[in-house]
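Each remark here refers to the structure printed beneath this line.
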Amino acid sequence: MNHWLMKSEPDVFSIDQLAKDKTTWWEGVRNYQARNYMMNDMKVGDLVLFYHSNAEPSGVAGIAKVSKVAEPDKLQFDKKSEYFDEKATKDKPRWFCVEVQFVSKFKHIVSLQDLRENPKLADMMVLAKGSRLSVQPVEKKHFDIVSKLGG
DNA sequence: GCCAACGTTGGC
DNA sequence: GCCAACGTTGGC
């Protein structure tokens, strides 16, 4: 089983919204590297750190898990969506997304500062300079430390 | 709202 | 296939 970190702006979609909805298709990713992780590597049951970006504070807000493997992102075909992609066709979809399911919300958000201050987490991808990838792998040892911090 | 870092696009 | 210009991300 693999572990992941997925970023979402809470103003757009928060851990509370996921708790309410139970599951969601992770639509709107328009970065090939992030897509490839979802399309090729994410399996049902994989655990996900749900990360709030552009937030007060930014950080890991809870845990989700992959509930369905990748399927074509419907928004790429929706002309009214900001995620519409005129180069995508139903025969040859360009963008894929997995479905994730709510697992738990942390008692306390594990802020970016918390992550930075923990030497054991120093080589997490999310802490790398200029790291913008919205779907990224996480080592199990890091996942375990972060979930312990979250309570 | 600024801007550094990074990704994508498109002319050549 | 290079790379300048442009767009986006996301912390601050």
Side-chain angles (χ1 to χ4, degrees), chain A residues 2-21 23-42 46-66 70-100 102-139 141-143 145-151:
Chain A
N2 292 315
H3 297 78
W4 306 94
L5 181 146
M6 298 174 95
K7 296 180 186 173
S8 180
E9 300 190 26
D11 291 347
V12 179
F13 191 86
S14 67
I15 187 80
D16 290 324
Q17 190 64 45
L18 182 62
K20 209 159 112 190
D21 295 350
T23 65
T24 190
W25 287 97
W26 205 263
E27 293 168 319
V29 170
R30 294 293 178 267
N31 170 284
Y32 287 106
Q33 221 178 326
R35 179 205 67 176
N36 290 344
Y37 281 131
M38 289 200 283
M39 192 169 71
N40 302 327
D41 302 321
M42 292 181 96
D46 283 2
L47 292 171
V48 175
L49 296 175
F50 192 114
Y51 182 92
H52 282 174
S53 59
N54 273 318
E56 279 303 326
S58 292
V60 181
I63 294 174
K65 69 178 176 186
V66 178
E71 291 185 13
D73 180 335
K74 291 196 305 279
L75 298 181
Q76 70 193 305
F77 307 124
D78 180 356
K79 283 191 179 166
K80 282 172 284 186
S81 169
E82 61 174 313
Y83 296 112
F84 175 70
D85 186 336
E86 60 179 6
K87 290 180 183 157
T89 66
K90 303 243 172 172
D91 286 343
K92 273 201 164 182
R94 180 182 284 204
W95 304 108
F96 285 76
C97 56
V98 296
E99 186 196 67
V100 301
F102 178 75
V103 173
S104 64
K105 179 184 171 178
F106 285 165
K107 287 199 194 78
H108 303 290
I109 198 160
V110 181
S111 70
L112 186 59
Q113 193 181 345
D114 295 336
L115 298 176
R116 286 228 170 89
E117 284 172 354
N118 191 320
K120 288 178 183 162
L121 302 176
D123 52 348
M124 278 186 83
M125 194 182 283
V126 73
L127 300 181
K129 190 181 176 189
S131 166
R132 305 189 322 193
L133 199 57
S134 64
V135 176
Q136 56 181 258
V138 171
E139 291 177 44
K141 61 178 181 184
H142 293 151
F143 184 96
I145 294 167
V146 174
S147 35
K148 201 168 283 179
L149 289 173

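Numbered from 1 within each chain, the chains take letters A, B, ... in sequence-line order. Bear in mind that the values here come from a model prediction, so they are computed numbers and not experimental data.
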Contacts satisfying salt bridge (Lys or Arg N to Asp or Glu O under 4.0 Å) that involve residues 50-63 of chain A (not counting sequence neighbours) are none
Contacts satisfying salt bridge (Lys or Arg N to Asp or Glu O under 4.0 Å) that involve residues 70-84 of chain A (not counting sequence neighbours) are A:Glu27-A:Lys74, A:Arg30-A:Asp73
Nucleotide by nucleotide, nucleotides 7-12 of chain C touches protein heavy atoms under 4.0 Å in the pattern (B base, S sugar-phosphate only, - none) BBBBBS
Sorted by chain and residue number, the ring pair (Phe, Tyr, Trp, His ring centres under 6.0 Å) partners of A:Phe50 (sequence neighbours excluded) come out as A:Trp26, A:His52
Residue pair A:Lys129/A:Arg94 against DNA chain B: nearer the 5' end by closest nucleotide is A:Lys129
In short, salt bridge (Lys or Arg N to Asp or Glu O under 4.0 Å) pairs touching residues 9-18 of chain A with sequence neighbours left out are A:Asp16-A:Lys105
Hey, can you pull the donor-acceptor pairs under 3.5 Å for the side chains in residues 118-128 of chain A, sequence neighbours left out?
from     : atom 1 : to       : atom 2 : distance (Å)
A:Asn118 : OD1    : A:Lys120 : N      : 2.9
A:Asp123 : OD1    : A:His142 : NE2    : 3.1

